[in-house]
Amino acid sequence: MVARKMNDSRSAVMLLFGRPRSMSMRQLQYLWTEKIDGGEDVKKKGHAKENDSDFLSSIEIVVVDHADVISMQNWSHLHSVLEQLNQLPSKEHVANVMRIRPWYLDQHARYYRQTIVLSSYLTPEMNALFNGSCSNYEGKVKLVTEFTGVLPKIQLEVRQVYERFDASSVGESDDARFDYFCTRVYPKIQESDEGGVLLFVSSYFEYIRMSNFLKSQDASFCRIGEATSQPDISRARLWFFEGQKKILLYSERSHFFHRYKIRGGHHLVVYSLPGRKDFYPELVNMLGESPNPKCNVLFSPLDILKLERIVGTSSARRLISSDKSMFVFC
């Protein structure tokens, strides 16, 4: 994520957008520490500098462009920036106090700030930003989309079994998903002699948790994540393709940044649905070399935003409200 401030005669505008491909993560980290954390002085003088975010106090328009791309990098950076907006400056800077608008001094500037969030899809984090950080006194507007789904993009005749588990709250959903996988899904994988199990997870925390679980079970598995080195990635893909490893643990961020074509898969297990809808048909189509491809998808009623982008809005509502807990798409 890159923050850029532009000033004109009437307002201060801040643009937040996804990382350009030409800018490295090291350059982004330097930009972040230089502007927010005072990292430049730390390197030169060897001591910490007091955080200086006063330059964010006069922002009147915020444009968060490609919010879906920012969510694939580090959403907490965006949250940290928005928390510092329109706060009273900590120091007296060179300014004419008589020209400061009264609502800034009364700490009401956030009610006059216009915030625009642009994204190709909606996430719970974006909803939280919309509800918590957008407080304009004129009100707010959110566009709602009816999705048709991406199932027609699947080029194979594969039986896709959607399994619904219950989760009473957001805080309990991760544990409920993990318990369902350990008790209902993994025993079937363990009993089967067939390999080629491609296990897909959407978040880094699920990636670490699933990796630790497979280690504790002495499972035959390899893994590909966004932090995996290139030699380890090549080795994991070769082991999985040749059948030396039974399970390949694959993260959404890794697929987002590299778009690997995984070969050797026979059974796709979607532990958590991908945020980007086009990833689902891409994953299923990776089973094209299998004579008997299979696909199992785990979801809960709290996954409605992801689910409707994949199966369609009307179908997602039926899957959530139905008395049954297992559904099949062919």
Side-chain angles (χ1 to χ4, degrees), residues 25 71-77 123-125 161-258 260 262-276 279-280 283 286-287 294-300 302-303 306:
M25 293 303 295
S71 67
M72 286 291 172
Q73 298 172 26
N74 196 327
W75 189 261
S76 61
H77 284 180
T123 67
E125 291 80 9
V161 180
Y162 281 67
E163 304 179 38
R164 190 185 67 201
F165 63 91
D166 295 327
S168 58
S169 64
V170 176
E172 297 178 0
S173 61
D174 291 338
D175 292 335
R177 188 188 306 273
F178 182 72
D179 293 340
Y180 186 90
F181 176 84
C182 295
T183 58
R184 302 288 296 274
V185 179
Y186 182 73
K188 298 178 182 179
I189 298 176
Q190 197 173 24
E191 294 173 359
S192 176
D193 296 330
E194 184 181 10
V197 179
L198 180 58
L199 180 56
F200 177 84
V201 295
S202 63
S203 73
Y204 178 74
F205 301 103
E206 294 171 343
Y207 177 80
I208 295 299
R209 187 175 195 177
M210 191 55 55
S211 178
N212 293 335
F213 170 75
L214 295 176
K215 286 181 181 179
S216 67
Q217 299 295 316
D218 294 327
S220 173
F221 82 102
C222 51
R223 59 184 183 179
I224 298 178
E226 62 269 24
T228 308
S229 64
Q230 190 59 47
D232 290 340
I233 292 173
S234 301
R235 192 179 301 112
R237 295 178 66 183
L238 179 62
W239 285 346
F240 186 69
F241 175 68
E242 294 181 347
Q244 299 183 35
K245 296 296 183 180
K246 185 177 182 179
I247 303 172
L248 173 60
L249 181 60
Y250 192 42
S251 71
E252 181 177 7
R253 284 191 178 184
S254 179
H255 191 70
F256 173 79
F257 288 111
H258 303 288
Y260 291 120
I262 306 298
R263 300 180 62 190
H266 303 288
H267 183 192
L268 173 63
V269 178
V270 181
Y271 180 81
S272 52
L273 290 166
R276 305 183 76 88
F279 286 0
Y280 181 76
L283 292 169
M286 290 181 186
L287 306 177
K294 296 183 294 184
C295 177
N296 289 82
V297 180
L298 308 184
F299 73 97
S300 74
L302 300 175
D303 296 325
K306 295 180 178 180

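The analysis underlying the following values was restricted to heavy atoms, covering all of them including side chains, and did not include hydrogens, waters or symmetry mates.
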Heavy-atom pair with the smallest gap, counting every atom of Cys295 and Val297: SG-CG2, 3.9 Å
Spatial distance of atom NZ (Lys294) from atom OG (Ser192) [nearest 0.5 Å]: 5.5 Å
Short side-chain to backbone donor-acceptor contact, Ser211 and Ile208, under 3.5 Å: no
Residue pair Asp174, Arg177: steps toward the salt bridge (charged side-chain N to carboxylate O under 4.0 Å, His left out) verdict: CA-CA 5 Å; Asp174 291 338; Arg177 188 188 306 273; 5.1 Å; no
Mutual orientation of the aromatic rings belonging to Tyr271 and Phe181 [parallel < 30°, tilted 30-60°, perpendicular > 60°]: perpendicular
Pairing residues for Asp175 by the salt bridge (charged side-chain N to carboxylate O under 4.0 Å, His left out) criterion, not counting sequence neighbours: Arg209
Exercise: identify the closest heavy-atom pair between Lys245 and Ser220: CA-OG, 3.4 Å
From Ile224 atom CD1 to Ser229 atom OG, the distance as rounded to the nearest 0.5 Å: 10.5 Å
Parallel, tilted or perpendicular: ring planes of Phe279 versus His255, cut at 30 and 60 degrees: perpendicular
Value rounded to 0.5 Å, distance of CD1 in Ile189 from CG in Leu199: 6.5 Å
4.5 Å side-chain heavy-atom contact, Leu214 and Tyr186: yes
Phe178 CZ to Ser272 OG distance, which is reported to the nearest 0.5 Å: 13.0 Å
Rounded distance [0.5 Å steps], CH2 in Trp239 versus CZ in Phe221: 11.0 Å
Tyr207 side chain to Glu226 side chain, donor-acceptor N/O pair below 3.5 angstrom: no
CZ/Phe165: more than 12 non-hydrogen atoms of other groups inside 6.0 Å: yes
Least distance between heavy atoms, Gln190 atom then Lys246 atom: O-NZ, 3.7 Å
Aromatic ring pairing Tyr162/Tyr280, orientation class (parallel under 30°, perpendicular over 60°, tilted between): tilted
Flag, side chain of Ser234 to backbone of Pro231, donor-acceptor distance under 3.5 Å: no
Under the salt bridge (charged side-chain N to carboxylate O under 4.0 Å, His left out) test, residues paired with Arg223 that sit two or more places apart: none
Stepwise side-chain contact (heavy atoms from CB on, under 4.5 Å) check, Arg237 with Leu248: CA-CA 8 Å; Arg237 295 178 66 183; Leu248 173 60; 5.6 Å; no
Approximate separation, where rounding is to 0.5 Å, of Arg235 CZ and Cys222 SG: 10.5 Å
Heavy-atom closest pair, residues Leu198 and Met286: CD2-SD, 4.2 Å
Check: Asn296 main-chain N/O paired with Glu163 side-chain donor or acceptor under 3.5 Å: no
side-chain contact (heavy atoms from CB on, under 4.5 Å) between Glu194 and His266, intermediate numbers included: CA-CA 8 Å; Glu194 184 181 10; His266 303 288; 3.4 Å; yes
Minimum heavy-atom distance Ser169-Leu302, with the two atoms named: O-CD1, 3.5 Å
Contact summary for Ile233 and Tyr260, nearest pair of heavy atoms: CD1-OH, 3.3 Å
